[in-house]
Amino acid sequence: MHFSKGLVVAAAVGVAQAQTPKGFTPAATAQLDVIYNSTKVSTPGELLSKAATASQPQLALPSSAVSSNETYVFVMLDLDVPPASGNTTRRVLLHAMNTGFKASKQSVAGGAVLLASSDKGPAMYIGPSPPASDTMAHRYTQLLFKQPATLKASASDFANTQARIGFDIEGFAKENGLGEPLAGNFFTVDGRADAA
């Protein structure tokens with residue numbers, strides 16, 4: 001019986017730390033609150049609709065994890081863009097990169113502090129829209145990093161969707177000194193008409 005309790009505890013710890021999809025790097029262990037109107041991504045990986053995720057979410061961090069002196073950058077990626085012609089490898093699409101987030105004086109249920117930014121870029125938010133012909137739900141991963149003063153990214157870098165396909169978050173983070181993500185989350189959206 002003692003052995004099975006240990007497994008349950010180990011499983012619970014593993015679940016609590018999985019804020020980004022299995023195998024995804026850079027991984028995040030702290031949960032970023034991602035809130036679409038009245039819909040909060042409560043469980044990493046939960047299924048949401050295209051309609052519910054059409055506009056940019058609000059973001060929040062536990063008060064113990066946020067600093068009033070820090071500025072943050074938000075990144076959202078679709079990890080499951082269908083392969084290009086003649087290829088079998090799924091691609092990554094940068095759905096958003098928004099800079100200038102700071103702790104606000106507002107909080108959400110549970111005491112998390114809302115983050116606010118007036119910046120709309122450098123990569124404006126594109127809502128999830130997996131094609132109806134795709135055979136799988138897409139994983140949309142959200143990451144929050146401390147924003148370095150030396151961040152090199154402009155709207156012209158992400159002027160069209162083609163410029164966002166194949167985005168390498170690890171390379172970008174290394175090149176810009178972002179370090180590891182402070183927090184993350186992810187949800188899925190299924191484009192098939194008969195998806196629940």
Side-chain angles (χ1 to χ4, degrees), residues 15-21 24-80 92-129 138-149 151 153-155 157-158 164 167 169-170 172-173 176-189:
V15 169
Q17 292 182 348
Q19 302 304 318
T20 49
F24 173 80
T25 55
T29 55
Q31 186 170 16
L32 174 64
D33 284 349
V34 178
I35 307 155
Y36 286 97
N37 298 316
S38 60
T39 303
K40 179 181 173 186
V41 181
S42 300
T43 306
E46 74 180 277
L47 181 65
L48 300 178
S49 69
K50 287 183 194 181
T53 58
S55 58
Q56 182 152 344
Q58 289 185 299
L59 307 172
L61 282 175
S63 58
S64 60
V66 72
S67 168
S68 60
N69 300 325
E70 291 291 346
T71 303
Y72 305 98
V73 59
F74 167 70
V75 175
M76 181 169 138
L77 308 164
D78 176 351
L79 306 183
D80 300 302
V92 173
L93 173 67
L94 175 65
H95 269 259
M97 181 186 296
N98 302 124
T99 57
F101 279 95
K102 293 214 169 256
S104 74
K105 301 213 183 285
Q106 296 178 307
S107 60
V108 294
V113 175
L114 275 174
L115 303 176
S117 174
S118 59
D119 296 354
K120 299 295 182 201
M124 288 182 64
Y125 182 83
I126 300 172
S129 189
H138 288 211
R139 296 166 297 163
Y140 293 88
T141 302
Q142 301 84 44
L143 300 168
L144 190 75
F145 297 90
K146 284 185 183 177
Q147 182 178 323
L151 182 69
S154 68
D157 296 335
F158 310 108
R164 296 176 180 219
F167 184 74
I169 184 60
E170 287 186 291
F172 182 86
N176 286 279
L178 295 182
E180 293 298 314
L182 299 175
N185 209 329
F186 80 103
F187 59 86
T188 58
V189 176

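Everything quoted here is computed from the prediction, not taken from an experiment. In this chain, numbering begins with 1 at the start of the sequence shown.
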Query raised in the report: Taking all non-hydrogen atoms of both residues, which atom of N185 and which atom of P44 are closest, and how far apart?
Result: OD1-CA, 3.6 Å

Query raised in the report: R164: what forms a salt bridge (charged side-chain N to carboxylate O under 4.0 Å, His left out) with it, not counting sequence neighbours?
Result: none

Query raised in the report: Taking the side chain as C-beta and beyond, is there a heavy-atom pair between V75 and I169 under 4.5 Å?
Result: yes

Query raised in the report: Mind checking whether P128 and M76 have side chains closer than 4.5 Å, heavy atoms only?
Result: yes

Query raised in the report: Just wondering, do D33 and L59 contact through their side chains at under 4.5 Å, heavy atoms?
Result: no

Query raised in the report: Is the backbone of D80 close enough, under 3.5 Å, to the side chain of H138 for a donor and an acceptor to pair up by distance?
Result: yes

Query raised in the report: Which residues satisfy the side chain to side chain donor-acceptor pair (under 3.5 Å) test with T25, sequence neighbours excluded?
Result: E170

Requested in this report: Taking all heavy atoms of Q19 and all of T29, pick out the closest pair and write down the distance.
Outcome: CG-O, 3.3 Å

**Report entry** Within-4.5 Å side-chain heavy-atom neighbours: L79 and T141
**Finding:** yes

**Report entry** Within residues 40-75 or reaching into it, pairs that qualify as ring-ring contact (aromatic ring centres under 6.0 Å, His included) - sequence neighbours excluded
**Finding:** none

Report task. Using the ring-ring contact (aromatic ring centres under 6.0 Å, His included) rule, collect all pairs that involve residues 97-120, keeping only residues at least two apart or in two chains. Result -> none

**Report entry** Chi angles and distances behind the side-chain contact (heavy atoms from CB on, under 4.5 Å) call for L144, L61
**Finding:** CA-CA 10 Å; L144 190 75; L61 282 175; 3.5 Å; yes

Query - ring pair (Phe, Tyr, Trp, His ring centres under 6.0 Å) against F187, all qualifying residues, sequence neighbours excluded - result: Y36, Y140

List, one per line, each side-chain donor-acceptor pair under 3.5 Å for residues 116-123, sequence neighbours excluded.
| from | atom 1 | to | atom 2 | distance (Å) |
| --- | --- | --- | --- | --- |
| S117 | OG | T99 | O | 2.6 |
| S117 | OG | D119 | N | 3.0 |
| D119 | OD2 | T99 | OG1 | 2.8 |

Requested in this report: Would you please name every residue forming a salt bridge (charged side-chain N to carboxylate O under 4.0 Å, His left out) with D78, sequence neighbours left out?
Outcome: none

Query raised in the report: Can you name the side chain to side chain donor-acceptor pair (under 3.5 Å) partners of S154, sequence neighbours left out?
Result: S156

Report summary line: Nearest heavy-atom approach of F24 to L77 is CZ-CD1, 4.0 Å

Report task. Taking all non-hydrogen atoms of both residues into account, name the closest pair between S104 and V113 and its distance. Result -> O-CG1, 3.5 Å

Which donor-acceptor pairs under 3.5 Å do the side chains of residues 177-184 make with protein atoms, sequence neighbours left out?
none

Query - Counterpart residues, ring pair (Phe, Tyr, Trp, His ring centres under 6.0 Å), relative to F172 (two or more places apart) - result: F167

Report task. Provide the closest heavy-atom pair for V66 versus A103 in the form atom of the first, atom of the second, distance. Result -> CG2-CB, 3.7 Å

Query raised in the report: With sequence neighbours left out, which residue pairs that include part of residues 45-65 fulfil the side chain to side chain donor-acceptor pair (under 3.5 Å) condition?
Result: Q56-N98

Report summary line: Scanning both residues in full, the closest heavy-atom pair of L143 with A28 reads CD2-CB, 4.4 Å

Report summary line: By side chain to side chain donor-acceptor pair (under 3.5 Å), K102 pairs with (sequence neighbours left out) T71

Query raised in the report: Is a side-chain donor or acceptor of H95 paired with a backbone partner of I126 at a separation under 3.5 angstrom?
Result: yes

